[in-house]
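Below is one structure; the comments refer to it alone.
Hydrogens, waters and symmetry mates are skipped; everything else that's a heavy atom, side chains included, is used. Chain letters run A, B, ... following the sequence lines, proteins first and then strands; every chain starts at 1.
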There are 2 protein chains.
Amino acid sequence: MNDDDRGAGRAVRPRRADARRNEKALLDAAAAVFVTSGVDAPVRDIAAKAGVGTATIYRHFPTRADLIIAVYRHQVEACAEAGPALLAAGETPYAALGRWIDLFVDFLVTKHGLAAVLRSDSGGFETLHAYFLDRLVPVCAELLDAAAAAGEIRSDIEAIELMRGVGNLCIGADSDPRYDARRLAGILIAGLRLPR
Amino acid sequence: MNDDDRGAGRAVRPRRADARRNEKALLDAAAAVFVTSGVDAPVRDIAAKAGVGTATIYRHFPTRADLIIAVYRHQVEACAEAGPALLAAGETPYAALGRWIDLFVDFLVTKHGLAAVLRSDSGGFETLHAYFLDRLVPVCAELLDAAAAAGEIRSDIEAIELMRGVGNLCIGADSDPRYDARRLAGILIAGLRLPR
DNA sequence: TTGCTAAACGGGACGTTGTTCCGTATCGTC
DNA sequence: GACGATACGGAACAACGTCCCGTTTAGCAA
């Protein structure tokens, strides 16, 4: 995959060299700021860190969602690819599902506030919502189907439903060490089990 | 209980008649605006609807949390009192727990955005957080203990943990009819079950 | 190398929201 | 009726997202 394209498929390669430089600088700056101030960090902060004007952010990333997607795209891809790998690893499908959910949870909780904006249906984050779901729901569905086919879990649960639930469970998991999102997600998954 | 006192115990009866009138007007206006615009509605909107200045809101309710608490206090009380009642109703403790969680979920999802602000540990909502938890966690703990004592569920789950999880599951449940928070909460509770 | 044009830039302007301050109006009492 | 404390209103301030416009610069052609 080419590092220059971005967004969910509709990639447009920036033509001028300075534009590409700035896009790279913005991605690096955003990644750094997201770590310290969360994904809700003020646009001005990111622009300042990248050494560009605020308008330049909007020129490259029309919405904050586009920027977030670009920053975390690689990690989302890795998570998506882990699904089939876990399924092929020899464990039971239910165990694979559990491990994959753990990966997903870990990804979300390590990004301050990402889970919170992920859930929001409004405020211009539809793109983010759509990207995450488009990429990960099929993977989750595959795991779910396999576990259901093996008779390990009930079969009346949709992947999208489960993912939204898990995503919600991750909200606020950072900033509160007493709250263990992974444990709760595990309980949720356990709730899918069929009684033998 | 006197309708004039408000907040979590430290009630101070407004001395002047106009102050009390304004407080009532604010509560009514806030309740109305919360329904249409959610609990994040602009302060100015609420003030305008009540026919008062913005400062008057802050004078009566120093933080938004105080206002929210005052508006929903009766419903929270009802939810809290439902716990022991369900437990005494003759069903198994696990069934009572499930019903109570349903009540809690229904309360949260019918208030636009309430679940979202409930979870936030920062931004001046500590008061709201504390009130809800102080009032409802003991009730949940009672149900949990009863079910655990009956051998129906595992005993290593804290009430606060479960409530935060359920609260999170309710986030964004309004504004998306495909997302069924009650169902997911049910699955979460099912995940607590012991295998007979 | 030099000059031109479209692309890209910067930062200031605007609208929205939360919050505070201060001069004014009102209530309750003497 | 007058007075002091209480409460009020709205303007003022700050932070933020977003947009606009005058200026700069990259890339290309002569």
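- A straight line from CZ of B:Arg20 to P of D:dC8 spans 13 Å, rounded to a whole angstrom.
- When the nucleotides D:dT6, C:dT19, C:dA8 are ranked by their closest atom to the side chain of B:Tyr58, C:dT19 comes out on top.
- Residue B:Phe61 contributes atom CZ, which lies 15 Å from atom P of C:dT19 at whole-angstrom precision.
- Picking from C:dC27, C:dG18, C:dC9 the nucleotide with the shortest atom distance to the side chain of A:Arg59 gives C:dC9.
- Between A:Ile57 atom CD1 and C:dG10 atom P there is a gap of 11 Å when expressed in whole angstrom units.
- Between A:Asp40 atom CG and D:dG17 atom C1' the separation is 12 Å, expressed in whole Å.
- Distances shorter than 4.0 Å separate none of the side-chain N or O atoms of A:Asn22 from OP1 or OP2 on C:dA8.
- With salt bridges taken as basic N to acidic carboxylate O contacts below 4.0 Å, none links A:Glu161 and B:Arg178.
- Between D:dG9, C:dA13, C:dA8, one nucleotide has an atom nearer to the side chain of A:Arg44 than all others, and that is C:dA13.
- In the set D:dG27, D:dG9, C:dG10, the nucleotide with an atom closest to the side chain of A:Ala17 is D:dG27.
- Cation-pi check for B:Arg193 over B:Tyr94 is met; the charged atom lies under 6.0 angstrom from the ring centroid and within 45 degrees of its normal.
- Relative to the side chain of B:Val43, the nucleotides D:dA7, C:dC9, C:dG18 differ in distance, and C:dG18 lies closest.
- Around CZ of B:Arg183, the count of heavy atoms belonging to other residues, nucleotides or ligands within 6.0 Å exceeds 12.
- Summarising the geometry, the separation between CD1 on A:Ile46 and P on C:dG11 is reported as 17 Å, rounded to the nearest angstrom.
- Rounded to whole angstrom, the span from the CG atom of B:Asp45 across to the P atom of C:dT17 amounts to 7 Å.
- Which of C:dG18, D:dC8, C:dG28 sits closest to the side chain of B:Pro42 comes down to C:dG18.
- For B:Thr54, whose side chain is taken as the heavy atoms from C-beta onward, the closest listed nucleotide among C:dG10, C:dT19, C:dG28 is C:dT19.
- Checking A:Asp18 against B:Gly53, the closest nucleotide of DNA chain D that is more toward the 5' end is the one next to B:Gly53.
- Counting non-hydrogen atoms of other residues, nucleotides and ligands closer than 6.0 Å to CD of A:Glu158 gives a total of 12 or fewer.
- The phosphate of C:dA8 has neither OP1 nor OP2 within less than 4.0 Å of any side-chain N or O from A:His60.
- A:Trp100 and A:Cys140 get closest at one heavy-atom pair: CZ3-CB, 3.7 Å.
- In terms of position on DNA chain C, the residue among B:Arg64 and B:Ala55 whose nearest nucleotide sits closer to the 5' end is B:Arg64.
- Residue A:Arg16 places a side-chain atom within donor-acceptor reach of the base of C:dA7, judged by atom type and a 3.5 Å distance cut-off alone.
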